[in-house]
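In the text below, chain A, chain B and the rest are named by the order of the sequence lines, each starting its count at 1.
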Amino acid sequence: MLHIYNTLTRQKEPFEPLDPPFVKMYVCGPTVYDSAHIGHAMSYIVFDMVRRYLEYRGYRVRHVQNFTDVEDKIIKRSQELGISWQELTARYIDEFLRQMDALNVKRAHVYPYASQEIPEIIRIIEGLIEKGYAYVVDGDVYFRVRADDDYGKLSGRRLDELQAGARVAVDARKEDPLDFALWKASKPGEPAWDSPWGPGRPGWHIECSAMSIHYLGPQIDIHGGGADLIFPHHENEIAQSESFTGCVPFVKYWMHNGLLQLGGEKMSKSLGNLVTIGEILERHDPNALRLFVLSSHYRRPITYTDESFAAAERGLERFYAALRPPRGLPGPQDEALRRKALETRQAFEEAMDDDFNTALALGRLFDLARAINAARDESVAGPGFTEAQATLRELLEVLGFRLQGDGQPQRAVEAEPFIELAVAVRSQLRAQKQWNLADWIRDRLQELGVELRDTPEGTKWVWRPASSDQ
RNA sequence: GGCGACGUAGCCAAGUGGUUAAGGCAGGGGUCUGCAAAACCCCGAUCGCCGGUUCGAAUCCGGCCGUCGCCUCCA
């Protein structure tokens with residue numbers, strides 16, 4: 001049975017959806033004021049893997065992911081660029097979706113925009129005011145944390161401790177320094193919507209509550225996001241949602257991925273230490289980023305280095321190799337391979353059932369890959385071989401790897417006819433035993449990032465740029 | 001200062017009481033190859049430090065050292 005670590009209870013719990021086989025999953029989406037970096041990619045790859053595994057296990061997942069398109073940074077950035085916030089956000093939303101497609105992240109079923117949920121947001125804020133959980137000050141509306149007796153339960157904080165350590169400039173108009181904005185009155189020139197409290201825009205936390213409630217209902221199974229969202233974002237979401245609907249828990253399983261680090265610190269826009277998704281996609285196989293991410297457990301922070309990324313890239317080759325066609329004829333060892341495939345599937349499921357232990361699961365898949373390669377070397381073929389490959393392919397796809405064709409990343413397609421030509425010329429030379437010239441061609445191609453492999457079936461080639469590009 | 005996580009071979013990383021401590025990358029030695037490459041075979045760690053609990057600990061407890069996250073926008 002699948003167990004999931006729940007941030008709320010700080011332990012692994014058996015996964016029992018509210019209404020099986022349906023699973024309602026909400027994942028916090030990006031604020032679209034700039035290009036996404038690989039820290040974002042990590043989070044979405046992780047939850048894509050979660051969704052795929054749930055689907056593999058027979059669940060019917062409904063996946064909602066928001067776009068925050070109303071927010072201070074968006075306003076600032078669009079003003080700097082002299083374009084409308086709509087134009088700015090449309091640009092980055094489009095880029096984001098294309099990059100997620102490239103990373104083989106399944107699209108959510110619904111992508112609500114904050115700017116299009118204003119009526120729902122206003123409805124919830126009005127409800128919170130009515131119930132005494134919120135109050136109006138000069139066109140702003142704040143959530144009254146003191147009215148929520150279990151505030152802090154997700155992040156394990158108590159109000160008193162928070163106040164003691166607060167470094168935030170205190171807004172004297174708020175009843176409590178920790179009260180947070182549900183609605184912000186707008187200044188002239190800022191995007192604004194009419195509301196019972198005057199023109200303004202929603203606070204950050206309320207949009208996720210509104211969208212989650214609107215598209216998935218008052219209670220959902222899984223809510224995911226980066227560990228940096230636990231406080232205050234998700235804490236506040238719980239406070240708002242549960243206070244408004246009265247349904248507890250708002251979310252049955254809170255899942256948080258560890259943060260991706262670069263240079264010893266969290267990769268973030270504000271620190272400026274980032275590698276964008278675009279930079280990775282330009283030069284690398286998207287599967288390599290996925291392997292890099294899934295090589296460690298999703299709750300642990302991972303550090304990006306060129307070396308560890310390159311290791312993932314090389315490891316990927318191993319899987320591709322295992323998916324190459326067999327040689328030889330059916331033999332007795334074929335049956336052993338069939339058994340190995342069954343064992344692997346079982347071990348894979350066992351690993352994944354333990355809070356999505358992808359690192360262990362991948363280890364099992366590498367074992368299977370080695371068995372397949374060994375069998376091919378021994379000229380074993382037959383139904384067992386085919387089944388082993390089918391299993392490997394299927395389970396890799398459950399983890400979200402894209403394995404069309406022979407697994408060759410698609411790039412520089414226009415160069416391929418010329419590479420084929422050079423390879424053909426070299427084959428002629430080899431047939432005439434002109435080794436010097438043949439080797440020269442091979443070396444030159446290597447320098448250009450094309451690696452040759454002479455096999456009994458002829459010469460094969462793959463793209464393999466020299467390491468540490470960028 | 002408060003809350004939390006982590007520290008396993010050169011690098012990445014699984015393992016949280018009891019077989020030979022998974023797997024990947026790099027490296028070394030082989031097989032194969034015209035030579036290579038790929039693949040396959042073989043080779044490496046007693047688990048940050050100290051103390052404790054236990055018949056037995058990487059795995060539990062305490063202390064120390066170190067790294068990181070959250071407490072402010074953030075996947």
Side-chain angles (χ1 to χ4, degrees), chain A residues 7 10 27-31 33 36-47 68 71-73 152 155-158 160-169 178 204 224-233 235 256-261 264-271 291-292 295-297 299-303 305 307-322 324 347 351 354 357-367 369-378 430 433-436 438-439 442-443 446 451-456 459-462 464 467:
Chain A
T7 306
R10 290 162 199 269
V27 179
C28 276
T31 301
Y33 68 96
H37 57 71
I38 55 178
H40 298 104
M42 174 189 178
S43 189
Y44 301 120
I45 286 171
V46 163
F47 289 104
T68 298
E71 197 261 349
D72 292 355
K73 280 185 189 143
S155 54
R157 289 157 218 265
R158 288 176 310 185
D160 307 327
E161 289 169 351
L162 281 165
Q163 274 185 301
R167 299 190 306 200
V168 198
L178 290 160
W204 176 40
D228 52 350
L229 298 181
I230 294 171
F231 190 92
H233 186 55
E235 194 69 73
H256 294 95
N257 62 277
L259 301 180
L260 194 143
Q261 327 227 138
E265 279 181 306
K266 171 174 100 170
M267 183 175 294
S268 79
K269 290 171 183 173
S270 47
L271 289 169
L291 183 57
F292 173 72
S295 287
S296 64
H297 186 87
R299 279 191 280 117
R300 282 184 55 153
I302 53 177
T303 304
T305 62
E307 193 188 4
S308 56
F309 189 86
E313 204 157 32
R314 295 302 309 273
L316 199 56
E317 301 276 351
R318 209 171 177 66
F319 285 132
Y320 291 157
R324 289 179 198 140
D354 184 14
N357 192 337
T358 53
L360 183 57
L362 280 165
R364 297 288 85 89
L365 296 187
F366 274 114
D367 287 338
R370 185 161 8 85
I372 291 170
N373 287 331
R376 185 192 300 97
D377 276 8
E378 288 162 30
R430 289 185 70 227
K433 298 198 189 301
Q434 300 205 35
W435 309 123
N436 285 347
D439 290 350
R442 182 173 62 199
D443 293 345
Q446 178 81 63
E451 187 169 282
L452 299 193
R453 209 169 55 237
D454 297 322
T455 74
T459 299
K460 305 284 175 62
W461 63 271
V462 293
R464 179 173 292 167
S467 56

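Remark: the backbone N or O of Asn357(A) is not paired with any side-chain donor or acceptor of Asp354(A) at under 3.5 angstrom. For the pair Arg376(A) (side chain) and Ala321(A) (backbone), a donor-acceptor distance under 3.5 Å is present.
Between A36(B) and G27(B), the two P atoms lie 16 Å apart (nearest whole Å). For the C1' atoms, the distance linking C73(B) with G48(B) amounts to 35 Å, nearest Å. Rounded to whole Å, the P atom of A9(B) lies 25 Å from the corresponding atom of G52(B). For the P atom pair drawn from U16(B) and G7(B), the interatomic distance equals 12 Å after rounding to whole Å. Distance check on atom P: A45(B) versus C40(B) gives 23 Å, rounded to whole Å. G30(B) and U67(B): their C1' atoms are spaced 41 Å apart (whole Å). Comparing the P positions of U8(B) and U59(B) gives a spacing of 13 Å, expressed to the nearest Å. Taking the P atoms as reference points, G44(B) lies 11 Å from A22(B), given to the whole Å.
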Between the protein and nucleotides 24-32 of chain B, which nitrogen or oxygen pairs come in under 3.5 angstrom?
| unit_1 | atom_1 | unit_2 | atom_2 | d |
| --- | --- | --- | --- | --- |
| A26(B) | OP1 | Arg314(A) | NH1 | 2.8 |

Table of protein N/O atoms under 3.5 Å from nucleotides 42-48 of chain B N/O atoms:
none

Pairs under 3.5 Å (N/O, protein and nucleotides 68-70 of chain B):
| unit_1 | atom_1 | unit_2 | atom_2 | d |
| --- | --- | --- | --- | --- |
| C68(B) | O2' | Gln261(A) | OE1 | 2.8 |
| G69(B) | OP1 | Lys266(A) | N | 3.2 |
| C70(B) | OP1 | Lys266(A) | NZ | 2.2 |
| C70(B) | O2' | Arg157(A) | NH2 | 3.1 |

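For Asp377(A) against C41(B), a side-chain-to-base donor-acceptor contact under 3.5 Å is absent. Taking 3.5 Å as the limit, the base of C35(B) and the side chain of Arg442(A) contain a donor-acceptor pair of atoms between them. You won't find any donor-acceptor pair under 3.5 Å spanning the side chain of Asn357(A) and the base of G15(B), going by distance alone.
Nucleotide C35(B) holds its C1' atom 17 Å from the CZ atom of Arg453(A), rounded to whole Å. Taking atom CD on Glu235(A) and atom P on U72(B), their separation rounds to 13 Å, with Å as the unit. To the nearest angstrom, P of A75(B) lies 16 Å from CD1 of Ile45(A).
For C40(B), the OP1/OP2 oxygens have a side-chain nitrogen or oxygen of Asn373(A) closer than 4.0 Å. For Arg300(A), a side-chain nitrogen or oxygen approaches OP1 or OP2 of G7(B) to under 4.0 Å.
Counting non-hydrogen atoms under 4.0 angstrom, Gly29(A) reaches the backbone sugars and phosphates but no base.
In this structure, A5(B) and U67(B) make a Watson-Crick or G-U wobble pair, each of the two defining distances being under 3.5 angstrom.
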